[in-house]
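Notes follow the structure.
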Amino acid sequence: GLDPARRITAGDVAFRIAPRINAAGRMDIAQTVVELFCTRDEDRARELAQKLHQLNADRQDEERRIMAEIEARIEGEPALREAFCMVVDGEGWHRGVIGIAATRVVEQYGRPAIVVTREGEEAHGSGRSIPAFHLLNSLESCAHLFTRYGGHAHAVGFALPANRIPELRAALDGHARQRLTVADFEQLQEIDAEVTLDQITPEFYCALDQLQPFGMGNRAPVFVARSVKVVIPAQILKDEHLKLRVFQSGGPQGGRALDALGWWMAERLQSDPVVAGNVLDIAFTIERNSHPEFAGLQLNLCDFRRAVAAAGSA
């Protein structure tokens with residue numbers, strides 16, 4: 001689905017190409033990717049690419065199903081919600097997707113998270129952590145529970161008998177409570193610079209583009225713009241994402257309006273609806289949207305909140 005007439009960016013690789021490549025190993029077998037990379041037959045390559053596309057769609061469906069069950073479980077069990085290391089288990093969750101689910105739990109709740117799928121008498125788990133907590137060390141503190149385990153400070157995987165899950169939950173929570181405080185769960189957004197929307201011009205974007213490729217070790221710059229006004233009610237895209245149109249007065253043209261997309265942020269609207277006229281502080285990265293109907297610069301939201309100045313004057 002990428003336009004061959006334009007340059008492929010690191011973001012294209014990270015969010016469009018790589019998930020489809022990874023889907024083969026998560027949902028099926030990685031051999032499909034190997035064959036795709038090796039084939040010289042264009043028709044066969046297209047067929048394999050379509051298969052990977054479908055596997056990725058299947059992975060997204062499974063991820064949504066698992067996350068719905070996880071969220072219902074967490075909201076229904078206050079003790080699980082307040083755990084210092086959250087261990088959530090379910091029957092028959094796809095083993096290739098539980099790592100992604102663990103990442104989503106960490107993003108949503110700000111705590112180390114282990115997601116475990118039960119398969120009869122055996123269980124498999126995958127975990128993700130926060131900067132303040134060494135996840136592999138936590139597994140090593142109760143190594144006798146596992147049939148196998150491995151990983152590093154921020155991500156782990158393991159297998160264990162299903163009847164040991166309650167013991168694992170207690171052990172990891174106890175280990176975490178000895179090493180973490182509630183302050184460690186506060187999620188902080190790093191900001192590189194404050195800008196106004198009128199400064200976000202094609203020329204500014206071209207200067208940022210010289211810093212590409214962005215990724216591990218060279219993250220995309222994150223900016224903040226304060227007291228921007230929402231000009232239309234927030235839209236929900238595909239039940240998971242949100243879209244805002246924001247405006248900030250001032251500048252040589254009298255003001256600037258831009259679209260802002262919040263990936264995986266739709267749920268925030270349930271507890272705090274965003275309507276036209278709201279004034280927000282927004283943190284974001286900048287990218288160029290190449291879609292023929294929406295071409296131009298857009299903001300990718302990292303976070304947003306009610307504007308401090310607006311809240312203070314209310």
Indicate the atoms forming the closest heavy-atom contact of [X] with [Y], along with that distance.
X	Y	result
Glu62	Gly92	OE2-O, 4.3 Å
Leu299	Leu197	CD1-CD2, 4.1 Å
Ala14	Ala18	O-CB, 4.0 Å
Gly157	Leu139	O-CD2, 4.5 Å
Ser126	Ala102	O-CB, 3.7 Å
Pro112	Leu180	CG-CD1, 4.1 Å

To the nearest 0.5 angstrom, please state how far the [atom1] atom of [X] sits from the [atom2] atom of [Y].
X	Y	atom1	atom2	value
Leu36	Glu47	CG	CD	11.0 Å
Thr285	Gln298	OG1	CD	9.0 Å
Arg268	Leu242	CZ	CG	8.0 Å
Tyr109	Ile130	OH	CD1	15.5 Å
Arg128	Phe133	CZ	CZ	15.0 Å
Glu107	Thr103	CD	OG1	6.5 Å

Salt bridge present between [X] and [Y] (N-O < 4.0 angstrom):
X	Y	answer
Glu35	Arg44	yes
Arg65	Glu69	yes
Arg288	Asp209	no
Asp173	Arg177	yes
Arg81	Glu77	no

For residues 215-223, tabulate all N or O donor-acceptor pairs below 3.5 Å that involve a side-chain atom, not counting sequence neighbours.
{"residue": "Asn218", "atom": "ND2", "partner": "Leu211", "partner atom": "O", "Å": "3.0"}
{"residue": "Asn218", "atom": "ND2", "partner": "Pro213", "partner atom": "O", "Å": "2.9"}
{"residue": "Arg219", "atom": "NH1", "partner": "Asp192", "partner atom": "OD2", "Å": "3.1"}
{"residue": "Arg219", "atom": "NH2", "partner": "Glu190", "partner atom": "OE1", "Å": "3.4"}
{"residue": "Arg219", "atom": "NH2", "partner": "Asp192", "partner atom": "OD1", "Å": "3.4"}
{"residue": "Arg219", "atom": "NH2", "partner": "Asp192", "partner atom": "OD2", "Å": "3.4"}

With no hydrogens and no angle check, just 3.5 Å: does a side-chain donor-acceptor pair link Asp41 and Thr39?
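No pair is found: no donor N or O on one side chain lies under 3.5 Å from an acceptor on the other.
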
Does atom CZ of Phe204 have more than 12 heavy-atom neighbours, drawn from other residues, nucleotides or ligands, at distances under 6.0 Å?
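Yes.
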
Single-linkage hydrophobic cluster, 4.5 Å side-chain cutoff, [X] and [Y] together:
X	Y	value
Val13	Phe37	yes
Leu172	Val156	yes
Val106	Val88	no
Ile29	Val97	no

Chi angles and distances behind the side chain to side chain contact (heavy atoms under 4.5 Å, CB included) call for Val105, Met67:
CA-CA 8 Å; Val105 174; Met67 283 307 302; 4.2 Å; yes

Yes or no on side chain to side chain contact (heavy atoms under 4.5 Å, CB included) for Gln199 and Glu194, after CA distance, side-chain angles and deciding distance?
CA-CA 10 Å; Gln199 292 177 293; Glu194 181 174 344; over 6 Å; no

I want to check something: taking the side chain as every heavy atom from C-beta on, are Gln187 and Asp303 in contact at a cut-off of under 4.5 Å?
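Sidechains of Asp303 and Gln187: no contact.
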
Min side-chain heavy-atom separation His94-Thr117 under 4.5 Å:
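Heavy-atom side-chain distance check fails, nothing below 4.5 Å.
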
Parallel, tilted or perpendicular, judged at 30° and 60°: which one describes the rings of His154 and His152?
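Because their plane-to-plane angle is over 60°, the rings of His154 and His152 count as perpendicular.
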
Would you call the rings of Phe158 and Phe146 parallel, tilted or perpendicular, where under 30° means parallel and over 60° means perpendicular?
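The rings of Phe158 and Phe146 sit tilted, inter-plane angle from 30° to 60°.
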
Which residues satisfy the side chain to side chain contact (heavy atoms under 4.5 Å, CB included) test with Asn56, sequence neighbours excluded?
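Result, side chain to side chain contact (heavy atoms under 4.5 Å, CB included) vs Asn56: Pro19, Arg20, Ala23, Arg59, Gln60.
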
Qualifying residues under side chain to side chain contact (heavy atoms under 4.5 Å, CB included), relative to Asp89, sequence neighbours excluded:
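Residues passing side chain to side chain contact (heavy atoms under 4.5 Å, CB included) with Asp89: Arg73, Val116, Arg118, Ile165, Arg169.
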
Thr9 vs Glu287, side chain to side chain contact (heavy atoms under 4.5 Å, CB included): CA-CA, chis, key distance, verdict:
CA-CA 10 Å; Thr9 68; Glu287 74 168 22; over 6 Å; no

Aromatic contact, Phe304 with Phe284 (centres under 6.0 Å)
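Not close enough - the centres of the two rings lie 6.0 Å or further apart.
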
